[in-house]
Engineer: 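Mind having a look at this structure? Questions to follow.
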Amino acid sequence: MRKIIYILSCFVFLTMLSTPVSAKNDEVDIIGNSAIVEDVETGKVLYEKNINEKLYPASITKIMTALVVLQEKNLDDKVTFSEEALNSIESGSSAAYIKPGEIMTIEQSLYVMMLHSANDVAHGLAYDVGGDLAGFADMMNQKAVQLGCKNTHFVNASGLNDSNHYTTASDMAKIAKAAYDNKTLRTIMETERYELPATNKNSTVRPWINGNRMINSEYYYEPCLGGKTGYTMAAGGTLVTYAKINGRVLECIILKSTNSVSAYEDSIKLYDYVKDHADFSVFEKTIDQEKTVDKIVESTEMEKILYEQGSKKLKTVILAFKIAVVIFVILCISVIFKVVQSQKRKRRRHQRMKKRR
């Protein structure tokens, strides 16, 4: 009982310790209207600014698009891009110029969509998986609810502007965490260059460079582990990135920065600020406490095993004792029966002797 109480106390202590010191909004100046920095593993917030303000996500929407596609399809499944899907994107928006009837695998499509932010590929996937944009958007919204999003609503797979297409930094952090936890999507988001093999409509190999300039260009940030960019006139610069800071994988979401450049600058500024000011010792304490609890649990489990083993031995001894008692009783009954029979025979002999006399 004491061990159980101690384990519960440790868990309560862990909960109290597991909230790192957050940076205050006025301690670091960023351009973005809304931002959040979280520890990916624990979900603990290290920085926040207007995290529940509804804003346009632009192309970071494609993170959710990829999650839904990976949920419904296998990587080697084939996608045939219909003319209807390809014509559903906004004229002049980012595209890979896929041809009607062109066939690619799901894996190839995801690489092109995420690295080049190709709206035509996003809509092609949406039509293939959901039947049309509305059907796929319903699937996106269902997934958002499953992830715990409370102020998010999607109407398309690309992130093109719509008054009913919005999210928050807090919700986007939940989506970004799910994306990082998906090994396939994580690999795609950190890939710098991908070469699309020849298809039925294109005989050449097409190279695609990751649009995230924090991993391959003038805004290169060594700790960065990938992410997804976004920009429209209405949304401004939006950005989801991951970075390994002080031994922890963090995610940073920027919404409504002036443009893509300021979104990069905001992200780097926040990572550097959090690195210098957040209380990362809390994570170390949490790990130590978790190890302590694990040891206690292991000790308790070992005691339980030993107890069960002892109980089995005791049960075996008791069973053997019971069998021995039964055998003893049977032997006693047998002896008594023989004595009684012997006495009866003696009495009969004695009676016969009397009659002869």
Engineer: Between Tyr242 and Tyr180, is the ring centroid distance below 6.0 Å?
Structural biologist: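 Yes, they do, as the ring centres are separated by less than 6.0 Å.
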
Engineer: Just jot down the side chain to side chain donor-acceptor pair (under 3.5 Å) partners of Ser117, sequence neighbours excluded, or say none.
Structural biologist: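 Applying side chain to side chain donor-acceptor pair (under 3.5 Å) to Ser117 gives Ser59, Lys62, Lys228.
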
Engineer: Show the numbers, then the answer: is there a side-chain contact (heavy atoms from CB on, under 4.5 Å) between Ile254 and Thr238?
Structural biologist: CA-CA 5 Å; Ile254 303 292; Thr238 66; over 6 Å; no

Engineer: Run Ile36 and Met172 through side-chain contact (heavy atoms from CB on, under 4.5 Å) and show every step you take.
Structural biologist: CA-CA 9 Å; Ile36 191 170; Met172 201 64 215; over 6 Å; no

Engineer: Does a salt bridge link Lys73 with Asp128, judged by any charged N lying under 4.0 Å from a carboxylate O?
Structural biologist: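 Here Lys73 pairs with Asp128 in a salt bridge, since their nearest N and O are under 4.0 Å apart.
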
Engineer: Please name all residues satisfying side chain to side chain donor-acceptor pair (under 3.5 Å) with Tyr271, sequence neighbours left out, ordered by chain then number.
Structural biologist: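 Result, side chain to side chain donor-acceptor pair (under 3.5 Å) vs Tyr271: Thr241.
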
Engineer: Side chain of Glu251, backbone of Lys177: donor and acceptor closer than 3.5 Å?
Structural biologist: yes

Engineer: Following the transitive rule for hydrophobic clusters with a side-chain heavy-atom cut-off under 4.5 Å over Ile, Leu, Val, Met, Phe, Trp and Tyr, establish whether Ile215 and Met114 coincide in one cluster.
Structural biologist: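 No, it is not one cluster - the side chains of Ile215 and Met114 are not joined through contacts under 4.5 Å.
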
Engineer: Where the side chain of Ser267 meets the backbone of Ala263, is there a donor-acceptor pair that is under 3.5 Å apart?
Structural biologist: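 Looks like yes, one N/O pair under 3.5 Å.
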
Engineer: Could you tell me which non-hydrogen atom of Asp120 sits nearest to which non-hydrogen atom of Ile98, and how far apart they are?
Structural biologist: OD2-N, 3.1 Å

Engineer: Considering only residues two or more places apart or on different chains, which pairs with a residue in residues 317-339 satisfy salt bridge (Lys or Arg N to Asp or Glu O under 4.0 Å)?
Structural biologist: none

Engineer: Would you kindly say whether Asn50 and Ser34 are connected by a side-chain donor-acceptor distance under 3.5 Å?
Structural biologist: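 There is no such pair (donor and acceptor under 3.5 Å, judged by atom type) between the side chains of Asn50 and Ser34.
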
Engineer: Do Thr152 and Met64 come within less than 4.5 Å of each other through their side chains, counting heavy atoms only?
Structural biologist: no

Engineer: Is any side-chain heavy atom of Leu125 closer than 4.5 Å to one of Ile106?
Structural biologist: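 Of all side-chain heavy-atom pairs linking Leu125 with Ile106, at least one is under 4.5 Å.
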
Engineer: Name all residues meeting the salt bridge (charged side-chain N to carboxylate O under 4.0 Å, His left out) criterion together with Arg186; count only those two or more places apart in sequence or in a different chain, and write none if there are none.
Structural biologist: none

Engineer: Indicate yes or no for a side-chain donor-acceptor contact from Asn156 to the backbone of Leu160 under 3.5 Å, with no hydrogens or angles considered.
Structural biologist: yes

Engineer: Using a 3.5 Å distance criterion without hydrogens, assess whether the side chain of Thr65 forms a donor-acceptor pair with backbone atoms of Ala157.
Structural biologist: yes

Engineer: Could you tell me whether Arg248 and Asp39 have a side-chain N and a carboxylate O separated by less than 4.0 Å?
Structural biologist: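 Salt bridge flag = yes for Asp39 with Arg248.
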
Engineer: Thr105 versus Val79: any side-chain heavy-atom pair under 4.5 Å?
Structural biologist: no

Engineer: Under 3.5 Å, is there a donor-acceptor pair between the Thr199 and Asn202 side chains?
Structural biologist: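 No, because no side-chain N or O of Thr199 sits under 3.5 Å from a partner of the opposite role on Asn202.
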
Engineer: Cut-off 3.5 Å, side chains only: do Asn119 and Ser94 have a donor facing an acceptor?
Structural biologist: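 Their side chains do not contain a donor-acceptor pair, so the 3.5 Å distance test is not met.
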
Engineer: Please confirm whether the backbone N or O of Leu115 pairs with a side-chain atom of Asn210, one donor and one acceptor, at under 3.5 Å?
Structural biologist: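 Here the side-chain-to-backbone pair does not exist.
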
Engineer: Going by side-chain hydrogen bond (donor to acceptor under 3.5 Å, both in side chains), name the pairs with one or both residues in residues 254-264, residues two or more places apart or in two chains.
Structural biologist: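 Pairs touching residues 254-264 that pass the test: Ser257-Ser262, Ser257-Asp266, Asn259-Ser262.
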
Engineer: Report the residues that fulfil salt bridge (charged side-chain N to carboxylate O under 4.0 Å, His left out) with Glu83, sequence neighbours left out, ordered by chain and then residue number.
Structural biologist: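 For Glu83, no residue satisfies salt bridge (charged side-chain N to carboxylate O under 4.0 Å, His left out) once neighbours in sequence are set aside.
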
Engineer: For a side-chain contact (heavy atoms from CB on, under 4.5 Å) with Glu107, tell me which candidate from Leu70, Leu75, Asp76 qualifies.
Structural biologist: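 Option passing the side-chain contact (heavy atoms from CB on, under 4.5 Å) with Glu107: Leu75.
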
Engineer: Are Pro57 and Ile60 side-chain neighbours, meaning at least one heavy-atom pair lies under 4.5 Å?
Structural biologist: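 With C-beta onward as the side chain, the pair touches.
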
Engineer: Suppose we screen for salt bridge (charged side-chain N to carboxylate O under 4.0 Å, His left out). Which residues come up paired with Glu102, at least two apart in sequence or across chains?
Structural biologist: Arg206

Engineer: Quick one: does Val261's side chain get under 4.5 Å of Tyr219's, heavy atoms only?
Structural biologist: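 In contact.
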
Engineer: Side chains of Asn212 and Thr229 only: does a donor on one sit below 3.5 Å from an acceptor on the other?
Structural biologist: no

Engineer: Does any part of the side chain of Val155, heavy atoms only, come nearer than 4.5 Å to the side chain of Leu133, both counted from C-beta?
Structural biologist: no

Engineer: So which pairs with a foot in residues 190-213 pass ring pair (Phe, Tyr, Trp, His ring centres under 6.0 Å), sequence neighbours left out?
Structural biologist: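 For residues 190-213: Tyr111-Tyr194, His116-Trp208.
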
Engineer: Taking Val28 as the starting point, is it possible to reach Ile31 by hopping between hydrophobic residues whose side chains are less than 4.5 Å apart?
Structural biologist: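 Per the 4.5 Å side-chain linkage, Ile31 and Val28 are not co-clustered.
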
Engineer: Return the set of residues passing side chain to side chain donor-acceptor pair (under 3.5 Å) with Glu222 (not counting sequence neighbours), or none when no residue passes.
Structural biologist: none

Engineer: Looking at every non-hydrogen atom in both residues, tell me the closest pair between Ala35 and Ile51 and how far apart they are.
Structural biologist: O-CG2, 3.3 Å

Engineer: Among pairs that include at least one residue of residues 124-163, which meet ring pair (Phe, Tyr, Trp, His ring centres under 6.0 Å), considering only residues two or more places apart or in two chains?
Structural biologist: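 Checked against ring pair (Phe, Tyr, Trp, His ring centres under 6.0 Å) - neighbours excluded - the pairs reaching residues 124-163 are Phe154-His165.
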
Engineer: Under the criterion side-chain contact (heavy atoms from CB on, under 4.5 Å), I'd like the reasoning laid out for Met233 against Tyr231: C-alpha separation, chi angles, the key distance, then a yes or no.
Structural biologist: CA-CA 7 Å; Met233 289 289 289; Tyr231 175 79; 3.4 Å; yes

Engineer: How about Leu239 and Ile253: do any of their side-chain heavy atoms sit closer than 4.5 Å?
Structural biologist: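 No - every pair of side-chain heavy atoms lies 4.5 Å or more apart.
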
Engineer: Start with the C-alpha gap between Tyr47 and Ile30, add the side-chain angles, then the distance that decides, and say whether side-chain contact (heavy atoms from CB on, under 4.5 Å) holds.
Structural biologist: CA-CA 12 Å; Tyr47 171 89; Ile30 64 169; 3.8 Å; yes

Engineer: Are Thr167 and Lys54 close enough that some pair of their side-chain heavy atoms sits under 4.5 Å apart?
Structural biologist: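 No, their side chains stay 4.5 Å or more apart.
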
Engineer: Does a salt bridge link Glu38 with Lys44, judged by any charged N lying under 4.0 Å from a carboxylate O?
Structural biologist: no

Engineer: Count the heavy atoms of every other residue, nucleotide or ligand shown that sit under 6.0 Å from NZ of Lys275, and state whether that count exceeds 12.
Structural biologist: no

Engineer: About how many Å separate CG of Leu185 and CG of Leu110, when rounded to the nearest 0.5 Å?
Structural biologist: 7.5 Å

Engineer: Can you sort out the partners of Gln71 under side chain to side chain donor-acceptor pair (under 3.5 Å), two or more places apart, ordered by chain and number?
Structural biologist: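 With neighbours one apart ignored, the set is Lys143.
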
Engineer: For Lys174, check salt bridge (charged side-chain N to carboxylate O under 4.0 Å, His left out) against everything at least two apart and list the hits.
Structural biologist: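 In terms of salt bridge (charged side-chain N to carboxylate O under 4.0 Å, His left out), with neighbours along the sequence ignored, Lys174 is linked to no residue.
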
Engineer: Which heavy-atom pair separates Asn200 from Gly101 by the least distance, and what is that distance?
Structural biologist: ND2-O, 3.1 Å

